[in-house]
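Values reported hereafter were calculated over all heavy atoms of this structure, with side chains retained and with hydrogens, waters and symmetry mates removed. Proteins get letters first, then strands, A, B, ... in listed order; numbering begins at 1 in each. Note that the structure is a prediction, hence the values are computed from the model and not measured.
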There are 2 protein chains.
Amino acid sequence: MHGRGPWWREKFDQHCVRITAAREIVVNILHETDEHLSASDIYMKAHAISPEIGLTTIYRTLELLEQMRIVQKFDFGDGQARFELLNNPGGKGHHHHLICVKCKKIIDYKDFIDEEINCLGKTQDFLSQKYNFQINDHLVSFYGLCENCRGGER
Amino acid sequence: MHGRGPWWREKFDQHCVRITAAREIVVNILHETDEHLSASDIYMKAHAISPEIGLTTIYRTLELLEQMRIVQKFDFGDGQARFELLNNPGGKGHHHHLICVKCKKIIDYKDFIDEEINCLGKTQDFLSQKYNFQINDHLVSFYGLCENCRGGER
DNA sequence: TTTAAAATGAAAATGGTTTTCATTATTATA
DNA sequence: TATAATAATGAAAACCATTTTCATTTTAAA
């Protein structure tokens, strides 16, 4: 967006949070993947880069990033939290989810998102006023059965 | 909706799942609340009605209800799953969420929902076709800071 | 009834996540 | 620079929501 340094640096500044090697590595890992990584997924990737990083730090970093709204934490129902970099709604990487309740497959979709964003934007304006909320982002997920799981339900 | 018995009975039939006292109690507890109950919340309420019901059964029942799409499981980030009866999108009880990322307060809103549902409906049609998905329901949540938590972020 | 399948409770195990605590690194200040 | 104050870290232990095990009971079917 701006010239100097990655976009998330200014969020660190705003929150008076130090930019450390470990934190940089975690953000980069999330930046480079399009998967929904769990804490231990991230730990393993980080460990490959810098073996002295502990799992505890991964958890702590993720919690921090979540609080700063740099990262969104998800529960897709498989027993461990998963994390995604949080892009601006309307921004390039922003997407919504299509989740199969049977096999837990997740499709990230961006189709049709313009109309959705437009409509959600109006909703957001309405809600922020009515409830005096500062809304930063949103989450939209559709649940159902994927191609493979249809016809043999339960 | 129909005359004979609660609406969820036919879902049990469809899935060949027995209607037991414990299961009936759990559904009723969820039906009578407008809160987001955790498994142990439900356990305590159930226990007050029928003390022999075990926590294990509560968990098992909730999982079953989730699979049958009678109940939606949520992770609001406080370390335990929370459960809501799943009403038809567009139906009376259907709502979306407004979540404060700081104090974790959750507002269930129904305002503006007609426009949203309308737009989401179009999206849903588009997605089911494109990805050959049978979409049953959806989840919409806005994240931000509530009235009280603004101005003192982090 | 009788039998097979499903549901249940109590206790134990699991495993993702958090805490604790001693150590190290970073920033601010003199 | 030194130096002090604060923040970040790793390893191990603790935590605690959720699952599994297993013996028993309940339910539906024949």
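Put simply, CD on A:E24 is 15 Å from C1' on C:dT26, counting in whole angstrom units. One interatomic measurement links the two molecules: CD of B:Q80 to P of D:dT19, which rounds to 13 Å at whole-angstrom precision. Between the CD1 atom of B:I58 and the C1' atom of D:dT19 there is a distance of 15 Å, given to the nearest Å. Rounded to an integer number of Å, the gap from B:L55 CG to D:dT20 P is 14 Å. Taking atom CD on B:E63 and atom C1' on C:dT8, their separation rounds to 15 Å, with Å as the unit. Whole-Å rounding puts the A:L62 CG to D:dA8 C1' distance at 15 Å. Atom pair B:D41:CG and D:dA17:P shows a separation of 11 Å (rounding to whole Å applied). Atom CZ of A:F12 and atom C1' of D:dA7 are 14 Å apart (whole Å).
Under 4.0 angstrom from either OP1 or OP2 of D:dT6 there lies no side-chain N or O belonging to A:R18. OP1 and OP2 of C:dT17 both lie 4.0 Å or more from every side-chain N or O belonging to A:T56. The side chain of B:R60 places no N or O atom within less than 4.0 Å of a non-bridging phosphate oxygen (OP1 or OP2) of C:dA7.
Distance from the side chain of B:Y59 is smallest for D:dA17 among the nucleotides D:dA17, C:dA7, D:dC22.
The aromatic rings of B:Y109 and B:F142 sit tilted, their planes meeting at an angle between 30° and 60°. Ring geometry, B:H96 versus B:H94: the interplanar angle exceeds 60°, so the pair is classed perpendicular (tilted spans 30 to 60°).
Along DNA chain D, the nucleotide closest to A:I53 and the one closest to B:A81 are compared, and the more 5′ of them pairs with A:I53.
Taking the charged nitrogens against the carboxylate oxygens, A:D41 and A:R82 do have a contact shorter than 4.0 Å, which makes a salt bridge.
Under the 3.5 Å distance criterion, with hydrogens and angles disregarded, no donor-acceptor pair is assigned to the side chains of B:H138 and B:E116.
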